[in-house]
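Data block below; observations after.
Just so you know, these numbers come straight off a predicted model, no measurement behind them. The basis for the numbers below is simple: all heavy atoms, side chains too, and nothing from hydrogens, waters or symmetry mates.
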Amino acid sequence: MKRHRVSWDEYFMKIAEDVASRATCDRKHVGAVIVRDKIILATGYNGSLRGLPHCDEEGHLMEDGHCVRTIHAEANAIIQAARNGVRLEGATIYVTASPCWGCFKMIANAGLTRIVFGEFYREERIFRFATQLGIELVPLPQPEASPPPEAGPSA
């Protein structure tokens, strides 16, 4: 029986899901992985400013229905790349939820050309601006759980 080998998009999205497990704002755990030529350049998850308490330690800092204590996963991945001197031009970002408007603008200005996202999250205008900018938006629906393999004859 031939095994199913996941696509590169599925592979990197699974890594983004693992990265999201480090998130510290329980309102939404989001992970991001930036990749070029099948090589991971940077990762990020939503969490507080470096050196300050996290939401899961002190609670949320809410403004207009959003927790502003956290820095979004996409921004943290771009910041990680900048701190390490990694060029992002032409890269793809895998993110477990589609970017907000602010993160979309950072992604565009960082030179990323492809956004692969899991869950759609709020921001419709990214579709219009992505088209104008030539940024490919790729929804990657979560695969349905496959049924357990059939048991073969017992020995």
Considering all heavy atoms, the nearest Ser48-Thr24 contact: N-OG1, 3.9 Å

From CZ (Phe104) to CG (Leu112), nearest 0.5 Å: 10.5 Å

Joint hydrophobic cluster, Ile15 plus Val30, side-chain heavy atoms closer than 4.5 Å: no

Side-chain touch Pro139/Phe117, heavy atoms, less than 4.5 angstrom: yes

Minimum-distance pair of heavy atoms, taken over all atoms of Gly118 and Met13: N-CE, 3.5 Å

Ile78 CD1 to Ile93 CD1 distance, which is reported to the nearest 0.5 Å: 5.5 Å

Over 12 non-hydrogen atoms of neighbours within 6.0 angstrom of CG in Asp37: no

Heavy-atom pair of closest approach, residues Ala81 and Leu88: CB-CD2, 3.6 Å

Pairwise distance CD1(Ile107) to OG1(Thr113) - rounded to 0.5 angstrom: 11.5 Å

Worked check of salt bridge (charged side-chain N to carboxylate O under 4.0 Å, His left out) between Asp56 and Arg27: CA-CA 10 Å; Asp56 57 9; Arg27 288 177 47 83; over 6 Å; no

Heavy-atom donor-acceptor pair, Thr131 side chain to Phe127 backbone, under 3.5 Å: yes

Minimum heavy-atom distance Cys103-Ala75, with the two atoms named: SG-N, 4.2 Å

Cluster check Phe129, Met106: I/L/V/M/F/W/Y, side chain < 4.5 angstrom: yes

Linked, directly or transitively: Ile71 and Val86 (ILVMFWY side chains, under 4.5 Å): no

Path from Val95 to Trp101 over hydrophobic side-chain contacts below 4.5 Å: yes

Sidechain-backbone polar pair: Glu57 side chain, His54 backbone, donor-acceptor under 3.5 Å: yes

Glu136 and Ile115: CA distance, side-chain angles, deciding distance, side-chain contact (heavy atoms from CB on, under 4.5 Å) verdict: CA-CA 6 Å; Glu136 184 182 3; Ile115 302 169; over 6 Å; no

Interatomic spacing from CD1 in Ile126 to CD1 in Ile135 - rounded to 0.5 Å: 9.5 Å

Test side-chain contact (heavy atoms from CB on, under 4.5 Å) applied to His4 and Glu10, step by step: CA-CA 12 Å; His4 170 71; Glu10 292 166 322; 4.0 Å; yes

Shared hydrophobic cluster for Ile79 and Val35 (ILVMFWY, side-chain gaps under 4.5 Å): no

Within-4.5 Å side-chain heavy-atom neighbours: Val116 and Thr92: yes

Arg69 and Glu63 ion-paired at < 4.0 Å: no

Closest non-hydrogen atom pair between Ala20 and His29, with its separation: O-CB, 3.6 Å

Worked verdict on Glu74 versus Lys105 for salt bridge (charged side-chain N to carboxylate O under 4.0 Å, His left out): CA-CA 11 Å; Glu74 304 94 322; Lys105 293 187 292 184; over 6 Å; no

Side chain Gln80, main chain Thr43, donor-acceptor under 3.5 Å: yes

Sidechain-backbone polar pair: Arg36 side chain, Arg87 backbone, donor-acceptor under 3.5 Å: yes

Whether Tyr94 and Phe12 hold their rings parallel, tilted or perpendicular, with breakpoints at 30° and 60°: tilted

Chi angles and distances behind the side-chain contact (heavy atoms from CB on, under 4.5 Å) call for Ser98, Glu123: CA-CA 8 Å; Ser98 60; Glu123 188 53 62; 5.9 Å; no

Distance (rounded to the nearest 0.5 Å) between Arg114 CZ and Leu137 CG: 10.5 Å

Test item: Asn76 and Asn46 side chains (from C-beta on) under 4.5 Å apart, heavy atoms: no

Tyr11 OH: over 12 foreign heavy atoms closer than 6.0 Å: no

Ile34 versus Ala77, closest heavy-atom pair with distance: CD1-CB, 3.7 Å

Side chains of Cys67 and Cys55 in contact at under 4.5 Å (non-hydrogen atoms): yes

From NZ (Lys38) to CH2 (Trp8), nearest 0.5 Å: 5.5 Å

4.5 Å side-chain heavy-atom contact, His60 and Cys25: yes

